[in-house]
Novice: 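Could you have a look at this structure, given as structure tokens, before my questions?
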Amino acid sequence: MPELPEVETVCRGLALKLLGRRLVHVEQRRANLRFPFPADFASRLAGRRVEAIRRRAKYIVIDLDDGQILLVHLGMSGSMVVNEKRPALLDRHDHVVFDIDDGTCVRFNDARRFGMMDLVAAADFAGHKLIRGLGLEPLDPAFDGKALAAMLKGRKTAVKLAIMDQRLVVGVGNIYASEALHRAGISPKRQAGTVQGERAAKLAAAIKQVLKDAIKAGGSSLRDYVQANGELGYFQHRWKVYDREGEPCRICGGPIRRLTQGGRSTFYCPTDQR
DNA sequence: CGGCGGTCCTGTCAGC
DNA sequence: TGCTGACAGGACCGCC
């Protein structure tokens with residue numbers, strides 16, 4: 001899925017198009033994504049004005065004028081596509097279509113359907129099942145070496161799995177986990193609890209930096225990601241290690257290695273990461 | 001509580 | 001060209 005920088009980019013793109021606008025019509029085109037849609041989903045959204053759009057972890061959080069919040073997760077393959085007009089032909093994976101009061105059209109497209117949408121009263125948001133257990137935002141100043149060391153302390157799992165654990169720190173997915181560990185010079189296999197002190201400070205800084213760089217670049221993307229503004233031409237990031245198995249490390253020139261952790265691919269340089 | 005494996009679903013690509 | 005299996009950005013859930 002889009003990781004934190006991609007979700008941030010989608011939020012910013014959606015805000016440009018939707019802030020202050022009304023949803024004149026919403027079409028829900030199937031009964032469920034990852035979860036069933038809430039009851040009367042489309043009718044509860046029709047006529048609502050968008051007051052704010054923000055991000056929490058990898059969730060898009062849309063405040064509406066009646067005190068409801070539309071919660072959206074893009075899953076692995078979800079995207080928001082904005083068009084000036086509603087297209088004559090929809091894609092088979094366009095699951096929700098929003099018609100906006102200025103005539104534009106926003107479609108939620110998600111081939112794998114690991115994404116989700118829910119409607120929640122603003123007062124119940126913090127206690128929402130999917131929100132309440134989330135960890136620290138990595139770009140929050142409170143997320144620093146000390147905070148990271150405290151959350152990793154005593155953990156026997158590999159550090160790569162730990163920094164992808166949304167209960168500890170949010171928004172770091174499979175790509176940026178590998179990238180941040182390479183930047184920090186830490187092996188993805190290292191036991192999480194041993195990342196303390198200077199190492200933790202370095203890793204926290206590296207996580208912040210890889211995320212910031214990607215946000216600055218407009219969000220990086222892979223093949224089925226479409227920016228919120230609907231433009232194709234998506235950004236090709238030059239990863240340092242991700243998806244570069246066998247290619248030369250940009251630091252030492254040695255081959256990048258791949259391994260499997262928690263069922264997912266990890267990429268790293270065995271020379272520079274310890 | 002921590003840690004691990006299974007699971008949801010479709011699309012794409014490498015290899016035969 | 002067609003088939004098959006592996007793999008793809010997530011994360012919840014149940015089990016030990």
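Here is how names work: the chains are called A, B, and so on, in the same order as the sequence lines, proteins then strands, and each is numbered from 1. The structure displayed is predicted, hence computed values, not measured ones.
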Novice: Give none if dC13(B) has no partner; otherwise give the nucleotide forming a Watson-Crick or G-U wobble pair with it, both distances under 3.5 Å.
Specialist: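 Because both required distances fall under 3.5 Å, dC13(B) counts as paired with dG5(C).
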Novice: Any donor-acceptor pair under 3.5 Å joining the side chain of Arg113(A) to the base of dC9(B)?
Specialist: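 No.
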Novice: Within a 6.0 Å radius of atom CZ on Arg199(A), are there more than 12 heavy atoms belonging to other residues, nucleotides or ligands?
Specialist: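 Atom CZ in Arg199(A) is not crowded, with 12 or fewer foreign heavy atoms closer than 6.0 Å.
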Novice: Taking the side chain as C-beta and beyond, is there a heavy-atom pair between Phe37(A) and Asp118(A) under 4.5 Å?
Specialist: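 Side-chain contact under 4.5 Å: no.
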Novice: With nearest nucleotides of DNA chain C determined for Arg258(A) and Gly171(A) from heavy-atom distances, which residue corresponds to the more 5′ nucleotide?
Specialist: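 Nearest nucleotide further toward 5': that of Arg258(A).
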Novice: In terms of the nearest nucleotide of DNA chain B, which residue is placed more toward the 5' end: His93(A) or Arg34(A)?
Specialist: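 The 5'-side residue here is Arg34(A).
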Novice: Kindly say if His73(A) contacts the phosphate of dG10(C), meaning a side-chain N or O under 4.0 Å from OP1 or OP2.
Specialist: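 For His73(A), the contact criterion (side-chain N or O under 4.0 Å from OP1 or OP2 of dG10(C)) is not met.
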Novice: Just by distance, with hydrogens left out, do Thr104(A) and Glu84(A) show a side-chain donor and acceptor under 3.5 Å apart?
Specialist: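 No, no side-chain donor-acceptor contact under 3.5 Å.
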Novice: Tell me whether Arg183(A) is salt-bridged to Glu179(A), with the criterion being a basic N under 4.0 Å from an acidic carboxylate O.
Specialist: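 Judged by the 4.0 Å cut-off on N to carboxylate O distance, Arg183(A) and Glu179(A) do not form a salt bridge.
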Novice: From CD1 of Ile175(A) over to C1' of dA8(C), roughly how many Å is that when rounded to an integer?
Specialist: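 To the nearest whole Å, that distance equals 10 Å.
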Novice: Tell me whether the side-chain N/O atoms of Arg112(A) come closer than 4.0 Å to OP1 or OP2 in dA11(C).
Specialist: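 Negative; the distance criterion is not met.
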Novice: Which whole-number value in Å describes the distance from Gln261(A) CD to dC4(B) C1'?
Specialist: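 Rounding to the nearest Å, CD of Gln261(A) and C1' of dC4(B) are 13 Å apart.
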Novice: Starting from P on dC12(C), measure out to CE on Met116(A) and report it in whole angstrom.
Specialist: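 To the nearest whole Å, that distance equals 10 Å.
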